[in-house]
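Below: one structure, written as structure tokens.
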Amino acid sequence: MRNEIEIVLTGIKPTGKVHVGNYIGAIKPALQIASAGTSTALYFIADYHGLTFIQNRSEFRDLSYGIAATWLALGLDPEKVIIYRQSDVPEIFELSWILSCLTPKGLMNRAHAYKAIADKNEQLGVEPDTGVNIGLFTYPVLMAADILLFQSDRVPVGKDQIQHIEIARDIAEAFNRNYGDTFKLPGYIVDEQTSVIPGLDGRKMSKSYANTIPLFESEGELKKLINKIKTDSTPPNEPKDPATSTIFLLYSEFASQEQIEQFRAKFREGISWGEAKQELFHVMNTYLEGPRKRYNELMAAPEQIDRILSEGAKKARAMAAPMLEKVKSRIGRYR
Ligand code: TRP
């Protein structure tokens, strides 16, 4: 046990509108950790990770602001949490280069984001690296720099990111072995219970399946999307199984314990799918109304977001700079 305050760090890459699955799986648990106040929390917009995918200027800009506005609208307090934009902290990229020189290429070949594309290309009978840029290939090194520069103890992530944390540990170990103990080995926090949030079609809610419910869609759009949730053909008045229902699962994330129990009883009594969707819309909309309003206000005033992010970057850089100096002295950059 270390007696210093633990550091919790996580990033979100701006590659799509934030959806309910991101919220439940990553944002909500991270906000809970932050509000517990027992750790130093650093939450950032991984915009240069996003750049490996999003190469349209206005899309890149708007999605980046969208992540910041989402955190803030959901109640992240910039006085308590260090919130910053990755690209405002140049120390990360300098460390990323240093780490890349200690990273075996084979480790990147096995990283699943890259491997998934290479395998798919192979199936298609095209050259394995088709559509792969070097940024995407070395994505895990930049992520290791994000994490290691701040001596992070724990990183809240979705299940799909565990491999990346393990890679960060491998890289830290390689550095420590060669230059002496320098980096803390990070651990991860995964929310086992809520790690799979079903989307409109019942599969995992994911941008790549086009089955998401964006978090801050207008009221009308939210209603429309909820009406699209796939249900089975159990007729009205027949009991329904809450455990296998997307409607019930989503409801449970936004309702109070008491509401959840009442909703469960209604399933037993045979609520119709139409009514169930109406009730889901009602709890979600009630819950999201305030944050949605705040989100829209922030998106209409990006200079407010800029101000908050640049304050955050100052704090982040104050932590990052001495660590980078330590690394540079370890590698023999100084006399
Ligand atoms: N790769 C993460 C994702 O796809 C985003 C990310 C970038 C991140 N750097 C990070 C997450 C550092 C945790 C810590 O969601």
Side-chain angles (χ1 to χ4, degrees), residues 6-19 21-31 33-34 39-54 60 63-64 66-68 70-71 76 81-89 91-93 95-96 99-100 103 108 111-117 133 135-172 183-191 195 197 204-208 212 215 312-313 316 319-320 323:
E6 72 157 4
I7 300 206
V8 175
L9 170 144
T10 196
I12 299 187
K13 64 178 190 297
T15 50
K17 276 193 195 169
V18 176
H19 58 71
N22 302 137
Y23 170 62
I24 298 168
I27 301 179
K28 200 172 159 194
L31 285 169
I33 293 168
S39 40
T40 299
L42 293 114
Y43 294 167
F44 67 98
I45 301 120
D47 58 343
Y48 278 12
H49 274 112
L51 189 61
T52 65
F53 302 95
I54 306 290
F60 181 71
L63 289 172
S64 300
I67 304 288
T70 300
W71 280 119
L76 182 141
V81 174
I82 302 178
I83 177 169
Y84 58 98
R85 189 174 4 218
Q86 181 188 38
S87 61
D88 280 336
V89 184
E91 289 80 4
I92 296 170
F93 306 98
L95 178 62
S96 181
L99 295 180
S100 73
T103 305
M108 296 297 101
H112 64 62
Y114 167 68
K115 207 174 166 300
I117 300 178
N133 59 60
L136 174 64
F137 183 64
T138 59
Y139 186 107
V141 180
L142 180 55
M143 183 156 161
D146 288 330
I147 295 169
L148 301 177
L149 185 57
F150 294 94
Q151 300 286 53
S152 311
D153 294 285
R154 296 196 297 158
V155 184
V157 283
K159 265 197 186 136
D160 62 319
Q161 295 296 314
I162 293 177
Q163 189 198 28
H164 289 151
I165 312 291
E166 286 165 351
I167 292 175
R169 290 176 68 97
D170 288 347
I171 296 174
F183 292 115
K184 237 187 224 178
L185 303 184
Y188 52 81
I189 310 173
V190 228
D191 197 340
S195 48
I197 306 301
K204 177 183 185 231
M205 191 182 289
S206 160
K207 196 184 126 215
S208 37
T212 68
L215 197 58
M319 293 172 73
M323 185 62 192

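Throughout, residue positions are numbered sequentially from 1 according to the sequence presented. What you are looking at is a predicted structure, and each value in this text was computed from that prediction instead of being measured. Atoms within each ligand, like the ligands themselves, are counted from 1 in listed order.
- Annotation: Tyr139 is in aromatic contact with His164 [ring centroid separation under 6.0 Å].
- Ring planes of Phe93 and Tyr48: tilted class, angle from 30 to 60°.
- You'll find the side chain of Ile33 reaches within 4.5 Å of the side chain of Pro156, heavy atoms only.
- For ligand 1, the atoms closer than 4.0 angstrom to any heavy atom of Val155 are 13 (C), 14 (C).
- Where the criterion is an N or O separation shorter than 3.5 Å, residue side chain and backbone included, Tyr139 meets it with respect to ligand 1.
- Of the protein's non-hydrogen atoms, the one nearest atom 7 (C) of ligand 1 is His49 ND1, 3.3 Å.
- Contact check for Tyr84 versus Leu42: side-chain heavy atoms found under the 4.5 Å cut-off.
- Nearest protein neighbour of atom 8 (C) of ligand 1, counting heavy atoms only, is Gly11 O, 3.6 Å.
- Neither the backbone nor the side chain of Phe53 comes within 4.0 Å of ligand 1, counting heavy atoms alone.
- Looking at Ile12 and Thr70, their side chains never come closer than 4.5 Å, going by heavy atoms from C-beta outward.
- The residue from Gln161, His164, Gln86, Met143 that puts a heavy atom closest to atom 15 (O) of ligand 1 is Gln161.
- Judged purely by atom type and a 3.5 angstrom limit, Ser87 has no side-chain atom pairing as donor or acceptor with the backbone of Asp47.
- The shortest side-chain heavy-atom distance between Ile147 and Ile165 falls under the 4.5 Å cut-off.
- Contact annotation for Asp160 and ligand 1: no heavy atom of the residue comes within less than 4.0 Å of the ligand.
- The nearest heavy-atom contact from the protein to atom 9 (N) of ligand 1 is Asp146 OD2, 2.7 Å.
- Listed by atom number, the atoms of ligand 1 under 4.0 Å from Ala46 heavy atoms are 7 (C).
- Ligand 1 places these atoms under 4.0 Å from at least one heavy atom of Ile147: 12 (C), 14 (C).
- Distance from atom 4 (O) of ligand 1 to its nearest protein heavy atom, with residue and atom name: Lys13 NZ, 2.8 Å.
- Between the Gln151 side chain and the Lys184 main chain, a donor and an acceptor come within less than 3.5 Å of each other.
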